[in-house]
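To start, the structure itself, in structure tokens.
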Number of protein chains: 2
Amino acid sequence: MTTIKDVAQLARVSVSTVSRVINQNGYVERDTYNRVVAAMETLNYKPNAVARGLVIRKTATLGLIVPDVANPFFSDVARGVEDEAIENGYTVILCNTDWQVTREDMYIQLLRGRWVEGAIIVGNRAAPEFLMHQLEDVPFILVDSRPNQIVNAVWSNNLVGGRMATQHLIDNGCYRIVHISGPEGSPSALARREGFYQAVLSARNVQVSVVSGDFRFDGGYQAAVDLLKCRPHPNGIFAANDMMAIAVIQAANEMGIRIPEDVMLVGYDDITMARCVYPSLTTVAQPAYDMGRTASKLLITQLKHGVSDLQHVEFKPELKLRKSTERMS
Amino acid sequence: MTTIKDVAQLARVSVSTVSRVINQNGYVERDTYNRVVAAMETLNYKPNAVARGLVIRKTATLGLIVPDVANPFFSDVARGVEDEAIENGYTVILCNTDWQVTREDMYIQLLRGRWVEGAIIVGNRAAPEFLMHQLEDVPFILVDSRPNQIVNAVWSNNLVGGRMATQHLIDNGCYRIVHISGPEGSPSALARREGFYQAVLSARNVQVSVVSGDFRFDGGYQAAVDLLKCRPHPNGIFAANDMMAIAVIQAANEMGIRIPEDVMLVGYDDITMARCVYPSLTTVAQPAYDMGRTASKLLITQLKHGVSDLQHVEFKPELKLRKSTERMS
DNA sequence: TTGTACGCGTTATCAG
DNA sequence: CTGATAACGCGTACAA
């Protein structure tokens, strides 16, 4: 391990001089500068970010809390976050909560201890007030969360999205509609469900029900099998995300139930695969990568230029029409 | 910001005593212990991991370098890595290289500076010798890399996998076979391609060619369109990963080319979606999550119990037969 | 233009 | 059982 001291010794200067050339501040003569640079080279010296962080009280790291990176939506968000971060010299710590508030909380404590400069919290379960309290003075931004007026957030309107999806089923003549919802406590899942209720409430002659899923393939598959076993089975399904919708397709295929003839299906997220499954999946699109990137950018801007006004960026959900809701006749 | 000093003051003890109760080492009387705990509670004190890291020279963080977390294979690996890490008190820093060695190198430098205790490098481009030099004394493990005898690694045999995939096409009567390869420099892509060559070499009367892809949907799509425009177009395609294979399906569908009737298709990875696309995708499976988890565990074991022997874990690739290579007649 | 000395928040080594 | 005190590696007044 080579330290600034070793460099100083080799270059026959003091540590402060070395520090000056590293940070490009203060005056240092051309000659000494070169000696120092040479010394750093030969020693293959890398400044120690830990020690440095301790004194300047900045770590140049961000915490990223997502429910599950293995979920395509969140992994896209994560990629956006990291891309923006690294371009600005920040590093990101990855945390998976599986939608458990206890894990969310655990990670927040951990990140605080690690002195992250800011946090990006995706699909959070905990209330914003609670988060503010837990994070204390570390700035953070919510992604894919419930809208609120008190903390920074980038989101897309899941209420409207859920309504659009459901309305689309109604418009296509579905009258036994079920919603496979996301995990309890996922704000976006909640909003989508609310949108579902709003849409069916203003419709007439539709039977509706909601079963709970977990945003994962397996959970969606189970729900779908149970659902499609019923007689009569639903003729319209709105799955709270694409993973579960695709699971529905899988289950339907195996059970010999045709989509869209026997049951129409709408998903949410518009992950890459949505257009490649069979039948291709009608879904509500959200720009995952951009959402992550935007959140990261907003947070970093705040970190660099001091506290700013409350930032709210809203992306519009967009219904992508595909085969899974195409009327046949 | 509250420090150990504040706690000490409030509890009317010295910082060393507070340190003792935090780290559960040394003797401390029941009474003082309680006072200290109480003080920590009321001040909402969190030990500072940065300062702590500086003195004990450990940061309890791992670096995770992947080509692209947005790729389902790598995001599964990432999830496995993080799960094992957090259970052992480690935190992980996420890095995306897009298969660029310069970025790989950049991140390694960065991680070294951050004093990560170990690194997990997935799908690395750089040579192991180079990595050893760059990482110096920070232990690391390779995932999904080219087999070698000098560094720790967990991998699945991509050579065999590639051969299996290709042989399967040959066995099904394909005689104009093309391989859409992964990005140049991806070790797994290279090995799969080699497996492809081995298989076709021992076959007779097959025309073969290789076009280069990038492991991404868009690249695969482009390649597929170009390929399927040819007359006569190939009647067997082995795509180096599922994302590209699914892109092939998409392109074929759009061009009115039937799979498997007109062209058979094999992918690689067996991502969740592989069974849900239409036609369902024959592919070579690798246990992404387990690979990540195993790598993480091996690395951590080494970190905890000191340097150990060279570790090589090999997972067996497994051909999953599905519709995309089903003979029709 | 350069060097000295102190402090960042913690742990660890000693005395007591 | 407890308390000073010296590190850890680096940035930065302040002095020279």
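Heavy-atom basis, side chains included; hydrogens, waters and symmetry copies ignored. Values in this document were obtained by computation on a predicted structure and should not be read as measured data. Here is how names work: the chains are called A, B, and so on, in the same order as the sequence lines, proteins then strands, and each is numbered from 1.
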Distance in angstrom units between [X] [atom1] and [N] [atom2], rounded:
{"X": "A:R114", "N": "C:dC8", "atom1": "CZ", "atom2": "P", "value": "22 Å"}
{"X": "B:I4", "N": "D:dA4", "atom1": "CD1", "atom2": "C1'", "value": "14 Å"}
{"X": "B:Q24", "N": "C:dA12", "atom1": "CD", "atom2": "P", "value": "14 Å"}
{"X": "B:I22", "N": "C:dG9", "atom1": "CD1", "atom2": "C1'", "value": "10 Å"}
{"X": "B:L54", "N": "C:dT11", "atom1": "CG", "atom2": "P", "value": "11 Å"}
{"X": "B:N48", "N": "C:dT10", "atom1": "CG", "atom2": "C1'", "value": "8 Å"}
{"X": "A:R20", "N": "D:dG9", "atom1": "CZ", "atom2": "P", "value": "21 Å"}
{"X": "A:K5", "N": "D:dC8", "atom1": "NZ", "atom2": "C1'", "value": "10 Å"}

Contact class for [X] vs. all strands (heavy atom < 4.0 Å): base, sugar-phosphate, or nothing?
{"X": "A:V13", "value": "sugar-phosphate"}
{"X": "A:S19", "value": "base"}
{"X": "B:R57", "value": "sugar-phosphate"}
{"X": "A:V55", "value": "base"}
{"X": "A:K58", "value": "nothing"}
{"X": "A:Y33", "value": "nothing"}

(request) Would you kindly check whether a donor in the side chain of A:S16 faces an acceptor in the base of C:dG3, or vice versa, at under 3.5 angstrom? (result) yes

(message) By nearest heavy atom, map B:V28 and B:W115 onto DNA chain D; which one lands nearer the 5' end?
(response)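 Whichever sits nearer the 5' end wins; that is B:V28.
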
(message) Could you tell me if the side chain of B:D144 sits less than 4.5 Å from the side chain of B:N124, heavy atoms only?
(response)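 A side-chain contact under 4.5 Å is absent here.
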
Could you tell me whether the phosphate oxygens of [N], OP1 or OP2, come under 4.0 Å of any side-chain nitrogen or oxygen in [X]?
{"X": "A:N25", "N": "D:dG11", "value": "no"}
{"X": "A:R52", "N": "D:dG11", "value": "yes"}
{"X": "B:T17", "N": "D:dG3", "value": "yes"}
{"X": "B:Y45", "N": "C:dT10", "value": "yes"}

(message) Quick check: closest heavy atoms across B:I300 and B:A85, and the distance to 0.1 Å?
(response)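 Taking every non-hydrogen atom into account, CD1-CA, 3.7 Å.
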
Compute whether any side-chain donor of one residue and acceptor of the other, for [X] and [Y], lie under 3.5 angstrom apart.
{"X": "A:S296", "Y": "A:E84", "answer": "no"}
{"X": "A:N48", "Y": "B:R112", "answer": "no"}
{"X": "B:D83", "Y": "B:Y289", "answer": "yes"}

(message) One thing to verify: whether A:R125 and A:D98 come together as a salt bridge, which I'm taking to mean a side-chain N less than 4.0 angstrom from a carboxylate O.
(response) no

Per [X] side chain, nearest of listed nucleotides [options]:
{"X": "A:Y27", "options": "C:dT11, C:dG9, C:dT1", "result": "C:dT1"}
{"X": "A:A51", "options": "D:dG3, D:dG9, D:dC1", "result": "D:dG9"}
{"X": "A:T3", "options": "D:dG9, C:dG9, D:dG11", "result": "D:dG9"}

